[in-house]
Amino acid sequence: MRYQVVSSPKNVVWFLTLLTITVFFHCSATAKTQNSLKRGSSLSVEDDSDFLTSPDESFTCGFYGVGTNAYWFSTWFTNSKSRTVVWMANRDKPVNSLGSRVSLRNDGSLILTDVDGATVWQTSTNSSSLDVERAELLNSGNLVLKDAHGKILWQSFDFPTDTLLPNQPFTKSKKLISTLGRGTFGTGYFSFYFDNDNVLKLMYDGPDISSLYWPDPDYSVFLNGRTNYNSSRIAVLDDSGNFLSSDKLQFSASDMGVGVKRRLTMDYDGNLRLYSLNSLTGFWVITWEAMAELCKVHGICGRNGICIYTPQPKCSCPPGYEVVDTSNLNKGCKPKFNLTCSQSQQVKFVQIQQVDFYGFDLNYSEPISFDNCRKFCLEDCRCEAFSYRLTGEGRCYTKSALFNGYKSPNFPGSIYLRLPMSVEASLSTKLNASDACSRTNVTKVVVGSPSVYANSTKRLRWVYMYWFAFAVGAVEILFILSAWWLLFRRRGAAAPIEDGYHVISSQFRMFCYPELKKATKNFKEELGRGASGAVYKGVLADERVVAVKKLADIYQGEDVFWAEVSTIGKINHMNLVRIWGFCSDDKHRLLVSEYVENGSLDKHLFPPNFLGWKERFKVAIGIAKGLAYLHHECLEWVIHCDVKPENILLDSNFEPKIADFGLAKLSQRGSLSSMFSRIRGTKGYMAPEWALNLPITAKVDVYSYGVLILEMVKGIRLSSWVVEDSEDQEAELTRFVRVAKKKIRCGEDQWIEDMLDPRLEGQFSRNQAAKMVEIGVSCVEEDRSKRPTMDSVVQELLECADESHAGSPHKK
Ligand SMILES: *[C@@H]1O[C@H](CO)[C@@H](O)[C@H](O)[C@H]1NC(C)=O
Ligand SMILES: *[C@@H]1O[C@H](CO)[C@@H](O)[C@H](O)[C@H]1NC(C)=O
Ligand SMILES: *[C@@H]1O[C@H](CO)[C@@H](O)[C@H](O)[C@H]1NC(C)=O
Ligand SMILES: *[C@@H]1O[C@H](CO)[C@@H](O)[C@H](O)[C@H]1NC(C)=O
Ligand SMILES: *[C@@H]1O[C@H](CO)[C@@H](O)[C@H](O)[C@H]1NC(C)=O
Ligand SMILES: *[C@@H]1O[C@H](CO)[C@@H](O)[C@H](O)[C@H]1NC(C)=O
Ligand SMILES: *[C@@H]1O[C@H](CO)[C@@H](O)[C@H](O)[C@H]1NC(C)=O
């Protein structure tokens, strides 16, 4: 329907009259919307106006149909573009489009019957349900059965399907289970639940295997930041978008704050995501997600399949294998050969770099040479492949089955498939797709619900349709009129993006300059000042304490700045300072980030101050994790380029948070050809590549991290290592490394004590200290190919993280 807007006074009067009439009739038409169902009454599938609506109209409950003959009794968001379903009674048993009903029977049970009268679903009944007086849909999205006194006797919140709503308690008996696929509703394979050890997990439970994949199964509960000591097993998402669980899992929506409609959904692709509804467009935006690398979700590519980034995650088959079902790549791959156990069959091993299959290890050995690893696999006829990693000593995993395959550019090893000699196995080019983190374009965050995209083909009754059409018309006119009004009022205002909060993409907010000026009391309290600009403390209107950085020296166009900054804003990791938003107008470019209480590392570590060993080690691991995330897991490849103690902030628990990441990106894009042409970084922490004009890679951060970790061991600045003469810093470092290498090589008894901060007075773990020196020394190798990756640094540090030691908490 199109309505022309005409401006003659007569017409306006006519329109206003029409408007009044239509609004009136629309109201009388919708007056039928109800939020409760009395005992003895029912909702019918044929009647399109038979819905329950929550008092604030955010939720609707009734029959939800897909196609012509499949209906579900469900609750959905009224105002989302695609009618996002949050709860379903009969997800695996849709009912007919004719004759199906939901009735609140006289015995107090709510019951769903199909066309033939068969009971498809019903609420559990016991003696107390006899008191049920009505079914009611609450503003929270909870469908409840209440007695005459308003006491809740049954609630849909106790039986979640794939979605958790704010204030819906998530407890030990509950599970969010994904749907089978996009646009389907049947029970799928991924679930989110409290495991027996009291920890919230994500699990794939498919036809062949089941496997836990979140939190990271390679690490212990505690290294994943959880605890299994609290057996209350309760979690809740609050109105502001904070999720808090008894296992210490805690996260917040990136658009934290009240007044936004949110949902936490176990998506069909195995990721758990928090969404916020954009009330203007009706689309959902992702404001948090559990898995940064979707290929690390287990089970998605089936048996023998490998998940690769193209750059979207996609399933592919290894050489010698073919897809089981071309219409569904998630079903895995089957071998094009028969492997027998007979000695006579000649086999070969085909290497696929950067690929691993998680789990199903026949045996694990370390240290071991490649040839021996190969021999193990050859001698065991159950072995289908082996994985060999060269991090430190060789590690060998022989595999009895190939599941959970993924390609990661930073996986420090290869998988070697065992194939009969006769099989032609050239490495498929499909596997050669671009790597997740090396692509230059950001993966656009999916907007809209990936789980529900269905056409509602329900017939509308003509009469209702008639009134509805008028109502739409009226709303449209109102809309146009108010838009005009706004336009006239706001004429002259520069850009439409300037009104206060503007949500860009999914992640964070745009602030306006006056707002930040007010928050920082006109940039009164300066927290620090660096090459990239000065940082001020501020308090936002919602009482969040923030750090506001005025960026100096940014000459980018507004759109480029937007693009870059929104990429940075998507980065979310415990050890990285969270970016909440930015401001960009003619003259000013500001970044708004989390305020970290305890100040920067240099203020704690170097004399006259002192940091205990336990904290030093914790900080070393945290920084490594943060950098590993930037280098390996990010949506976009990020090199920090300026790792130094001043850029490491400590929170109240001495958990480090890296600041200023992404600034290199903001200032480097002068021209694409001369990426990183300007020298960045800080003398003393800068890798030799900068001076040698070599291409800059993530290894420059590894170098700076090496210097930093050595400083943490010594407790003093690199620049004060050598006092007697005035050689430059690089030479001091070289000398230190030479001495350290010699001491490590000779295994002198007291070598570690000699290298360490004497102020620790023996209060440290020798193993951890030795590991830190070793890592530090390898990180500052001149030849960057000899430096480890941050991923392997994290692994190595974690290996000695658990040990008890005589660490003194704090002393001055
Ligand atoms: C009946 O069901 C309600 C709600 O499910 C429950 O709270 C109550 O304890 C049950 N009563 C009995 C006697 O089982
Ligand atoms: C366990 O978790 C609950 C919910 O987060 C919390 O209220 C309670 O204090 C915790 N108990 C202990 C012993 O930490
Ligand atoms: C493998 O063996 C099965 C039966 O043992 C046979 O049906 C199949 O064709 C063989 N496949 C190939 C590729 O030789
Ligand atoms: C695993 O390998 C070790 C040698 O590294 C061997 O002694 C052991 O028997 C193997 N175990 C199994 C179950 O094959
Ligand atoms: C695939 O990778 C190899 C080695 O990594 C490279 O030489 C080749 O150019 C790549 N092919 C494509 C199509 O990207
Ligand atoms: C990257 O994005 C730019 C602009 O958004 C586009 O022109 C270009 O084709 C994209 N490159 C790739 C590899 O997708
Ligand atoms: C859904 O709508 C699209 C476009 O409006 C149409 O192409 C498609 O056939 C519809 N699907 C069904 C199941 O009606």
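Side chains included, hydrogens not; waters and symmetry mates left out as well; all remaining heavy atoms used. Read the numbers this way: they start at 1 and go in the same order the structure lists the ligands and their atoms.
The shortest heavy-atom contact between Cys800 and Gln768 is O-NE2, 2.9 Å.
The Ser232 neighbourhood of ligand 2 comprises atoms 1 (C), 2 (O), 3 (C), with distances under 4.0 Å to a heavy atom of that residue.
By the 4.5 Å heavy-atom criterion applied to side chains, Phe77 and Trp284 are counted as neighbours.
Ranking the protein heavy atoms by distance from atom 4 (C) of ligand 2 puts Ile234 CG2, 3.9 Å first. Among protein heavy atoms, atom 5 (O) of ligand 2 sits closest to Ser246 CA, 3.7 Å.
Using a 4.0 Å cut-off between charged side-chain N and carboxylate O, Arg262 and Asp239 make no salt bridge.
Some N or O of Asn230 is nearer than 3.5 Å to an N or O of ligand 2, by distance alone.
The nearest protein heavy atom to atom 11 (N) of ligand 2 is closer than 4.0 Å. For atom 7 (O) of ligand 2, the nearest protein heavy atom lies 4.0 Å away or farther.
Considering only residues two or more places apart in sequence or on other chains, Lys174 meets the salt bridge (Lys or Arg N to Asp or Glu O under 4.0 Å) condition with Asp158.
Side-chain polar atoms of Glu655 and Asn575 form a donor-acceptor pair below 3.5 angstrom.
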